Protein chains: 2
Amino acid sequence: MSIDQASLGSVEVSLTPQQRFEEYLQSRGLRHTDQRRYLVDLVFSRHEHFDADMLIDNLPRKGKPGYVSPATVYRTLKEFVDAGLLNSFQLDGRTVFEHDYGYPQHDHLYCTQCRKLVEFQSDALTELRDAVGAEHGFRVFEHRLIINGMCSDCVKSRRRTKRKQDLV
Amino acid sequence: MSIDQASLGSVEVSLTPQQRFEEYLQSRGLRHTDQRRYLVDLVFSRHEHFDADMLIDNLPRKGKPGYVSPATVYRTLKEFVDAGLLNSFQLDGRTVFEHDYGYPQHDHLYCTQCRKLVEFQSDALTELRDAVGAEHGFRVFEHRLIINGMCSDCVKSRRRTKRKQDLV
DNA sequence: TTGTATGCAAATAATTTGCACCAAA
DNA sequence: TTTGGTGCAAATTATTTGCATACAA
């Protein structure tokens, strides 16, 4: 799965993710540990969707400096979501995380062929969602939209493949 | 989780789910067994969202007539989706199934308080989705939208609750 | 000090799969 | 007959949790 780096620009924020998280921890009487510091840095070093497993794979191995146990990774990802640093959603059965802090609200186009995720923003969608909510007496908090299809690259390569097959 | 019975009406279909499934099975050289017949009937006896576990719980116990093993239930649910009888999506980590055959395309409002699912239809959404797809060079197949919020009942009861708390 | 956080390993939960046996077509 | 289907139990996968120890405040 891949995503263009910061394809939607960013949102003005006064604190770095690290500072923001520290603030969150202090406000709750939680502790700022090396593991948490390390994971904030790693997670915000690239604007990319990832799951717990990918994150664990990118960590130093047991014994090396910077190692964080899987259990702690899972626990910390939850903290990040609570703290508003990350968002998560389900994709093909996996829990996928993405940056929330400092990044605008958006939805996704998903290529079911190459599994590429493309972000997009639509104010019309937000309006539509609020209208639907109002119509049904809902107080709307948020929504999740995923559009499944085939990206232009895959449409092209599939066409090529088809032609080849047609020649047989 | 609950849902109004057939809240969106239905779509014209010439075959019953049972007949439609039989057609599907024949076209693929698969077999129409008692278990499959039994599950089609059970699944289409109520227009309600459900997961594998709920279905298994509603089956006769081991030894009783009509018993179907969990493994077969899981295998059969997949067949139903392949056959176009059911749709599935993720909700709170569970795989939720709903009727597809004979039922119009729709999306959901989800009350995060009482876990009620409400269906709604929006042509504007389909148009918006196609426009977004086109903008990004995607060939769109389908989409999945869930609007999270609080239904009117829960908004009311929460207000009541708040007042009670305020009195303390 | 005092209460959190972490690592490890065991426990869960939801499916999936291997296999021997059963049964549609 | 032949090939797909089913039940059962074991295997998977993704997490979560209990617990003893380590550490931030």
Side-chain angles (χ1 to χ4, degrees), chain A residues 1 18-19 21-40 42 49-83 86 88-97, chain B residues 1 18-19 21-40 42 49-83 86 88-97:
Chain A
M1 181 169 51
Q18 198 69 257
Q19 296 170 322
F21 192 50
E22 189 158 1
E23 206 175 61
Y24 163 87
L25 292 172
Q26 290 192 338
S27 74
R28 303 211 177 185
L30 303 177
R31 292 166 187 177
H32 206 191
T33 64
D34 287 346
Q35 287 87 337
R36 288 173 175 170
R37 248 184 293 270
Y38 191 90
L39 288 176
V40 171
L42 182 55
H49 294 76
F50 65 94
D51 60 25
D53 210 51
M54 292 162 71
L55 184 55
I56 290 168
D57 283 347
N58 280 308
L59 246 26
R61 302 298 157 187
K62 203 179 297 191
K64 306 287 177 185
Y67 170 75
V68 182
S69 72
T72 296
V73 169
Y74 279 104
R75 287 187 278 234
T76 305
L77 284 172
K78 273 190 187 167
E79 296 280 10
F80 287 173
V81 171
D82 282 352
L86 297 180
S88 71
F89 56 98
Q90 298 293 125
L91 191 62
D92 289 338
R94 305 176 312 145
T95 299
V96 175
F97 295 87
Chain B
M1 179 169 51
Q18 198 68 257
Q19 295 171 323
F21 191 49
E22 188 159 1
E23 207 175 61
Y24 163 87
L25 292 171
Q26 290 192 339
S27 73
R28 303 212 177 183
L30 304 176
R31 292 165 189 181
H32 206 189
T33 64
D34 287 346
Q35 287 87 336
R36 287 172 175 170
R37 247 184 295 270
Y38 191 90
L39 289 175
V40 171
L42 182 55
H49 294 76
F50 64 94
D51 60 25
D53 210 51
M54 292 162 71
L55 184 55
I56 290 168
D57 283 348
N58 279 309
L59 245 26
R61 303 296 157 187
K62 202 179 298 190
K64 307 286 179 187
Y67 171 75
V68 183
S69 71
T72 296
V73 169
Y74 278 105
R75 286 186 279 234
T76 305
L77 284 172
K78 273 191 188 167
E79 297 281 7
F80 287 173
V81 171
D82 282 351
L86 296 181
S88 71
F89 56 98
Q90 298 293 124
L91 190 62
D92 287 339
R94 307 174 312 147
T95 299
V96 174
F97 295 86

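From a predicted model like this one, the values you see are computed outputs, not experimental measurements.
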Quiz item: With no hydrogens and no angle check, do the side chains of A/Q35 and A/T76 hold a donor and an acceptor under 3.5 Å apart?
Solution: no

Quiz item: Given B/R37, which of B/D34, B/T33, B/L39 fulfils the side-chain contact (heavy atoms from CB on, under 4.5 Å) condition?
Solution: B/D34

Quiz prompt | Whole-Å gap separating P (D/dG5) and CD (B/E22) | solution = 14 Å

Quiz item: Where does the angle between the aromatic ring planes of A/F97 and A/F50 fall among parallel (under 30°), tilted (30 to 60°) and perpendicular (over 60°)?
Solution: parallel

Practice problem: For residues A/V73 and A/A52, report the shortest heavy-atom separation together with the two atoms involved. | Solution: CG1-O, 4.5 Å

Quiz item: Rounded to whole angstrom units, what separation is found between the OH atom of B/Y67 and the C1' atom of C/dC22?
Solution: 16 Å

Quiz item: Please give, in whole Å, the distance from D/dG5 C1' to B/Y24 OH?
Solution: 14 Å

Quiz item: Whole-Å distance between C/dG7 C1' and A/L39 CG?
Solution: 14 Å

Quiz item: Rounded to the nearest 0.5 Å, how far apart are CG of B/L86 and NE2 of B/H49?
Solution: 10.5 Å

Exercise. Please answer whether the main-chain N or O of B/D51 pairs with a side-chain N or O of B/R94 as donor and acceptor at a distance below 3.5 Å.
Key: no

Residues 57-70 of chain B side chain polar contacts: donor-acceptor under 3.5 Å, at least two apart:
residue, atom, partner, partner atom, Å
B/N58, ND2, B/M54, O, 3.0
B/R61, NH2, B/D57, O, 3.2
B/S69, OG, B/T72, N, 3.4
B/S69, OG, B/T72, OG1, 3.2

Exercise. For C/dA23, take OP1 and OP2 only and decide whether either is under 4.0 Å from a side-chain N or O of B/Q35.
Key: no

Quiz item: How long is the span from the OH atom in A/Y24 to the CG atom in A/L30, to the nearest 0.5 Å?
Solution: 6.0 Å

Quiz item: When the distance from CG of B/D57 to P of C/dA13 is rounded to whole Å, what number comes out?
Solution: 14 Å

Exercise. Could you tell me the separation between the CE atom of B/M54 and the C1' atom of C/dA14, rounded to a whole number of Å?
Key: 15 Å

Between protein and nucleic acid, restricted to nucleotides 22-25 of chain D and to nitrogen or oxygen atoms under 3.5 Å apart, what atom pairs and distances do you find?
residue, atom, partner, partner atom, Å
D/dA24, N3, A/R31, NH1, 3.4

Practice problem: Would you give a per-nucleotide map of nucleotides 13-20 of chain D, 5' to 3', where B means the base has a protein non-hydrogen atom under 4.0 Å away, S means only the sugar-phosphate does, and - means neither? | Solution: -SSBBB--

Practice problem: Mind calculating the distance between CZ (B/F97) and C1' (C/dT15) to the nearest angstrom? | Solution: 11 Å

Practice problem: Locate the shortest heavy-atom distance separating B/R36 from B/R31; write the atom from each residue and the value. | Solution: NH1-O, 2.7 Å

Self-check item: Interatomic distance where CD1 belongs to B/I56 and C1' belongs to C/dT16 [whole Å]
Solution: 13 Å

